[in-house]
A.B. asks: 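Pasting a structure below so you can have a look.
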Amino acid sequence: LRSTPATIFALRVFFRAGVRSAKGFGHRRFSMAAGEYDYDLLVIGGGSGGLACSKEACALGAKVAVCDYVTPTPKGASWGLGGTCVNVGCIPKKLMHQACLLGEAVDDAREFGWSAPDKRELTHDWSTMVNNIQDHIGSLNFAYRTELRTKGVTYINSLGTFVDDHTIELTNKKGVKERKTAAKIIVATGGRPKYLGIPNERELCITSDDLFSLDKPPGKTLVVGASYVALECAGFLTGLKYDTTVMMRSIPLRGFDQQCAENICTYMEEQGTKFIRGCIPAAVEKAESGRIKVSWKPTAGGDAMASDEYDTVLLAIGRYALTEECNVAAAGVQVNPSSKKIVGTGAGVGQTEQSNVPHVFAIGDVLDGYPELTPVAIQAGILLARRLFGNATVAMDYVNIPTAVFTPLEYGCVGLSEDDAIAKHGAENIDVYHTAFKPLELTVPARGDNAAYAKVIVDKQDSERIIGMHLLGWSAGEIIQGYGMALKLKATKADLDNLVGIHPTSAEIFTTMNITKASGKEWRAAGC
């Protein structure tokens, strides 16, 4: 055979075909795609959990597809591949929080000798921030699409709904429908923000799905809700110098430590955020001024009404699972009637993520009764894929998962809140070590006096094993991420005491705590 350009080209084609065939051989280890089904695995939802799971399954030799479609908000907002966290959640939220921290740093800089303008003279350009953040998000969307293609996962930009327990109907943005079948199906659709259920709200109000791409400054804003989304958004809006009010019907940060939650609200009030407690909006309408008139009433009942006008009304009252939107009922999948989330059975290879239908699974925010956190969805998705296609047995551990709330006073926590610890173990069987302190970085600019707060909850009946750690302060999430390992390894208070801290840091406060609430002693730190 002569080495002519034609023969060389033919050999290259043959070789590449062989490589592709060899790569495809891995799929046939599990694949029923050549026979009964189109795919070994079809994932509904292209968020963090769905993407992580699909890539892991493909790497293990499965033939995988991901379908993802974003139904535009009433205001018309939509976004690309990556789910809530990347597009309208964690990523833009933290970047806007960072914008506020930078504004504070500029003001602090004067006290350290820098020729910086007074905080009252600082100006902020909303459009510049939004455009730059959206550019970053767009680059992530592109990277996710590219990675799916590189990994061999089929990406289908269509709305997926169940026809039966093995068949998904796919509808693209033009309304064109097709059907695909899969041996196994994972629901990873997550959720969307709730509305109040009052007239005009969808036309006049926005949610977090709209806020991060808002094309004009929000101006005077009412944030309805007391969730972490509500307080985080209210915090950075206040920090960006917008007149911001939070309206909450009951307690802040339900499910978190309530002492810490109230400390956050107190700090936010000191920074300029207003709070209207014990009230819910009764009506929203367009005012003659062009603003949005909101009328509200007390949750305790009565006819007393009050009202005010706002440029923006942000609803952050919770989220609902997208199970009805993907018609899980057609597959016979059981959901919690209240939350509409898929109920995990704890049985079979799927274990916690296993639905009542043996080959249908759920991960992330759509799984009933488990933390709605991006890293949880990612970890659960990867481990599920390994059990389904890699003969692994390791299940997701949903206990002692650290998390953070990026309010102006950041909050990091892992384990039980004080309230839950009392409910589970009894007040007489726990001790709470605590202290308030001022980070060194804030001493020169003279702000944040004893705003930072640390709490360690221990089980007295189990050698003071640590069952909860909480930190209010700057970089709280970074600090708690490290201490989370202590709870995983069942560390005790003595282990903390034997740990040498790094000085001077906020993190070292956990190594020097010796005052319990029960002692009644002074718990506010002095000096370094």
Side-chain angles (χ1 to χ4, degrees), residues 226-228 250-265 336 338-339 344 346 351-352 367-373 375-376 379-380 395-405 410-437 452-473 476-477 479-499 507-525:
S227 63
Y228 71 87
S250 56
I251 62 173
L253 296 179
R254 185 178 299 277
F256 289 89
D257 188 276
Q258 281 303 293
Q259 180 188 9
C260 292
E262 288 295 346
N263 284 3
I264 290 170
C265 291
N336 181 320
S338 176
S339 69
Q351 300 191 31
T352 303
L367 181 63
D368 189 55
Y370 294 94
E372 298 181 4
L373 298 168
V376 170
Q379 180 96 329
M396 176 66 188
D397 182 0
Y398 288 96
V399 179
N400 290 332
I401 293 171
T403 189
V405 180
E410 294 176 14
Y411 175 30
C413 60
V414 60
L416 298 176
S417 67
E418 183 177 348
D419 320 86
D420 289 343
I422 291 171
K424 182 175 181 178
H425 296 277
E428 71 280 6
N429 295 319
I430 68 167
D431 255 335
V432 179
Y433 292 85
H434 69 146
T435 187
F437 63 101
Y453 177 76
K455 174 190 290 190
V456 174
I457 306 163
V458 301
D459 181 357
K460 292 196 294 187
Q461 293 190 316
D462 190 10
S463 303
E464 288 203 320
R465 179 174 58 86
I466 302 166
I467 56 176
M469 295 183 75
H470 302 263
L471 178 65
L472 294 174
I479 294 168
I480 286 294
Q481 176 67 80
Y483 279 111
M485 183 61 73
L487 273 74
K488 284 288 186 185
L489 298 179
K490 303 184 184 304
T492 65
K493 180 61 169 61
D495 293 321
L496 271 188
D497 295 339
N498 288 330
L499 179 66
E508 70 175 317
I509 200 72
F510 284 117
T511 70
T512 60
M513 297 171 68
N514 55 18
I515 296 172
T516 65
K517 282 191 173 183
S519 73
K521 295 179 180 179
E522 177 57 45
W523 47 277
R524 296 170 182 85

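Predicted, not measured: the structure shown is a model, and the values here were computed from it. Sequence positions, counted from 1, serve as the residue numbers for this chain.
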A.B. asks: Treating Asn263 as the side-chain partner and Leu472 as the backbone partner, does any N or O pair qualify as donor plus acceptor under 3.5 Å?
C.D. replies: no
A.B. asks: Residues two or more places apart in sequence or in another chain: which of them pass side chain to side chain contact (heavy atoms under 4.5 Å, CB included) with Thr512?
C.D. replies: Ile509
A.B. asks: Quick one: does any side-chain atom of Tyr483 pair with a main-chain N or O of Pro402 as donor and acceptor, under 3.5 Å?
C.D. replies: no
A.B. asks: List the residues meeting side chain to side chain contact (heavy atoms under 4.5 Å, CB included) with Ala395, not counting sequence neighbours, and say none if there are none.
C.D. replies: Gln351, Arg387
A.B. asks: Among residues at least two apart in sequence or on other chains, which ones pass salt bridge (charged side-chain N to carboxylate O under 4.0 Å, His left out) with Arg254?
C.D. replies: none
A.B. asks: So which heavy atom on Leu416 is nearest to which on Ala421, and how close?
C.D. replies: CD1-CA, 3.9 Å
A.B. asks: Atom OH of Tyr398 and atom CG of Leu373: how far apart are they, to the nearest 0.5 Å?
C.D. replies: 11.0 Å
A.B. asks: As an exercise, state the distance from OG1 of Thr516 to NE2 of His434, rounded to the nearest 0.5 Å.
C.D. replies: 7.0 Å
A.B. asks: Without swapping roles, check the side chain of Gln258 against the backbone of Pro252 for a donor-acceptor pair under 3.5 Å.
C.D. replies: yes
A.B. asks: Donor-acceptor check, side chain of Thr435 to backbone of Trp523, threshold 3.5 angstrom: yes or no?
C.D. replies: yes
A.B. asks: Spell out, as yes or no, whether a donor-acceptor pair under 3.5 Å connects the side chain of Asp257 to the backbone of Glu418.
C.D. replies: yes
A.B. asks: For His425, is there any backbone N or O sitting under 3.5 Å from a side-chain donor or acceptor partner on Asn429?
C.D. replies: yes
A.B. asks: Going by the side chain to side chain donor-acceptor pair (under 3.5 Å) test, name the single residue among Arg524, Gln259, His470 that passes it with Tyr453.
C.D. replies: Gln259
A.B. asks: Salt bridge between Lys493 and Asp431, side-chain N to carboxylate O under 4.0 Å?
C.D. replies: no
A.B. asks: So does Asp495 get a backbone contact from the side chain of Asn498, meaning a donor-acceptor N/O pair under 3.5 Å?
C.D. replies: no
